[in-house]
There are 2 protein chains.
Amino acid sequence: MIIKETSRRLDPEKVVDSALAIADDEGPAAVSFRKLAAQHDVTPMALYRHFKDKDDLLAAIGDRILADVVLPEPNDERWDKQLHKLLTAFVTALRAHPRLADMTLPRILIAEPGLALAERALELLTEGGFAVDDAAEVGRQAICSLISLVTTDPIAREVSDPEAREASLRRKRASLGALSPDRYPLITSAAGALICPESRDRYYEIGLDLVVAGIRGLRA
Amino acid sequence: MIIKETSRRLDPEKVVDSALAIADDEGPAAVSFRKLAAQHDVTPMALYRHFKDKDDLLAAIGDRILADVVLPEPNDERWDKQLHKLLTAFVTALRAHPRLADMTLPRILIAEPGLALAERALELLTEGGFAVDDAAEVGRQAICSLISLVTTDPIAREVSDPEAREASLRRKRASLGALSPDRYPLITSAAGALICPESRDRYYEIGLDLVVAGIRGLRA
DNA sequence: ACCTGAACACCGTTCAAGT
DNA sequence: ACCTGAACACCGTTCAAGT
């Protein structure tokens, strides 16, 4: 039996590891073939053997994130409760990569974990009384809302650079603080919550509840 | 009375016009100082007199879009019905710029039309029984969901390039068509709706109904 | 099959200088 | 105040060539 010596110098999976790390820290725009090539001691052009173009690399990042979704086992709870848990599992995986959550959207109906999630969501929605085509529309919208819940997470933003985060908060406080309480009484009195929600868990709880409540309400 | 001759060669408002046109056609990434400078017969550096940096220019685009929001007059309908109309007005303005809708988010609590929208939304939410801090959280989430509704509008995408759009649809059809109906019975049977919703108006109607139904449901 | 070298056509932004 | 010129430090991607 011959153990094949690994002859390839470049491991695409490790390139995606690096890309994911850069994107988490500095955002997807900071990911570049040239930087990745330098990190892996190859020419930028070497990457084109493994990724068609930059979009292809970003798609691989999306797939990586989706691979972390851990679907809950079906049980005998009500469809809406199970849907809540299913969507929570999706959000949990995305929360690890707040700046990258939207890379999953174009991969959901392509990557296997995304397909499993979608199929299960459609099962629960049809169980809840939706026609399959309506379930598709509602499910898509739910996924989109939850992705944007994560991408716009006000607490996670710029977490890599705490002083940039502080500066951004200070700017927001200053701008809302300058508003006239007569013209904008509710905005000024809700300024705290508008600038940054008190608790991150509560932020996600409200977001998920809102999505599931919408689905429940639409069916009626 | 002296009519001041306009001495400035560069009108920042016209630069934003051009930037908006480019961004609508080719996406925000295609907007560049160099391209805009060429279009306005100046050096790229001339733009830095009028815009701090590229982010500042994109913020101006966000403000432009928000300026098109036409708020409905308050009336004596129920709070949730009025909220539906308010949010519809927001979505209507965004729909004119599907690829740019998310540039409005960071400008909502800064640009005047965004503040007016936010204040009115908070009014209706508190009228509906939300505490002001909860209203803030719920309102933010609603705005985010609706922005993502527009940015991911499956019908508007790549509308500038109809054959790219066709190619993308074909790719999606092929990829869903290759799935096993045994493993993914619901996805395959909903393939049509998943690839592209039948009607654009219905797409937006469902999206808006879902958001308002969620808010109504959360209050209870 | 996998990688390199050189080149093309772009970017945002800084700095010093002109009027 | 407003604009220019030259430069710096980047990009993605193509093409032809090497092993």
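Chain letters run A, B, ... following the sequence lines, proteins first, then strands; residues in each count from 1. What's counted below: heavy atoms across the whole structure, side chains too, no hydrogens, waters or symmetry copies. Being a predicted model, the structure only gives us computed values, none of them experimental.
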Dot-bracket for DNA chain C, 5' to 3', with Watson-Crick and G-U pairs under 3.5 Å, [ ] for crossing pairs and | for other-strand pairs: what is it?
||.|||||...|||||.||

Distance, rounded to the nearest Å, where A/Leu36 contributes CG and C/dC3 contributes P:
14 Å

Length of the line joining A/Asp11:CG and C/dC3:C1', which is rounded to integer Å:
16 Å

Rounded interatomic separation in angstrom, taking CG from A/Leu47 and P from C/dC3
9 Å

Those residues that, when tested against A/Lys35, pass side chain to side chain contact (heavy atoms under 4.5 Å, CB included) (two or more places apart)
A/Ile22, A/Glu26, A/Ala30, A/Ser32

Quick one: is A/His50 getting a side-chain N or O under 4.0 Å of the C/dA1 phosphate, OP1 or OP2?
no

Qualifying residues under side-chain hydrogen bond (donor to acceptor under 3.5 Å, both in side chains), relative to B/Asp134, sequence neighbours excluded
A/Arg202

Would you please name every residue forming a side chain to side chain contact (heavy atoms under 4.5 Å, CB included) with B/Lys14, sequence neighbours left out?
B/Asp11, B/Asp17, B/His40

For nucleotides D/dA9 and C/dC10, find the distance between their P atoms and express it as a whole number of Å.
22 Å

Taking only residues two or more places apart in sequence, or in another chain, which ones meet B/Glu119 in a side chain to side chain contact (heavy atoms under 4.5 Å, CB included)?
A/Tyr184, A/Pro185, A/Leu186, A/Ile187, B/Glu123

With sequence neighbours left out, the residues meeting side-chain hydrogen bond (donor to acceptor under 3.5 Å, both in side chains) with A/Glu73 are none

Sticking with atom C1', work out how far C/dA16 lies from D/dC3, rounded to a whole angstrom.
13 Å

Which of these, B/Asp63, B/Leu115, B/Ile65, sits in a side-chain contact (heavy atoms from CB on, under 4.5 Å) with B/Arg107?
B/Asp63

Verify, without hydrogens or angle tests, whether B/Arg99 (side chain) and B/Ala156 (backbone) share a donor-acceptor contact under 3.5 angstrom.
no

Inter-nucleotide C1' distance (C/dC11, D/dC8), Å rounded
12 Å

Report the residues that fulfil ring-ring contact (aromatic ring centres under 6.0 Å, His included) with B/Phe33, sequence neighbours left out, ordered by chain and then residue number.
B/Tyr48

Could you go through nucleotides 11-13 of chain C and list every protein N or O atom that sits under 3.5 Å from one of its N or O atoms, giving the distance for each pair?
{"from": "C/dC11", "atom 1": "OP1", "to": "B/Ser32", "atom 2": "OG", "distance (Å)": "3.2"}
{"from": "C/dG12", "atom 1": "OP1", "to": "B/Phe33", "atom 2": "N", "distance (Å)": "3.4"}
{"from": "C/dG12", "atom 1": "OP2", "to": "B/Phe33", "atom 2": "N", "distance (Å)": "3.2"}
{"from": "C/dG12", "atom 1": "N7", "to": "B/Arg34", "atom 2": "NH1", "distance (Å)": "2.4"}
{"from": "C/dG12", "atom 1": "O6", "to": "B/Arg34", "atom 2": "NH1", "distance (Å)": "2.9"}
{"from": "C/dT13", "atom 1": "OP2", "to": "B/Tyr48", "atom 2": "OH", "distance (Å)": "3.1"}
{"from": "C/dT13", "atom 1": "OP2", "to": "B/Lys54", "atom 2": "N", "distance (Å)": "3.1"}
{"from": "C/dT13", "atom 1": "O5'", "to": "B/Tyr48", "atom 2": "OH", "distance (Å)": "3.3"}

Take atom NE2 of A/His40 and atom P of C/dC2, then tell me their distance rounded to the nearest Å.
17 Å

Which residue pairs pass the salt bridge (charged side-chain N to carboxylate O under 4.0 Å, His left out) test when at least one of the two sits in residues 47-60 of chain B, sequence neighbours left out?
none

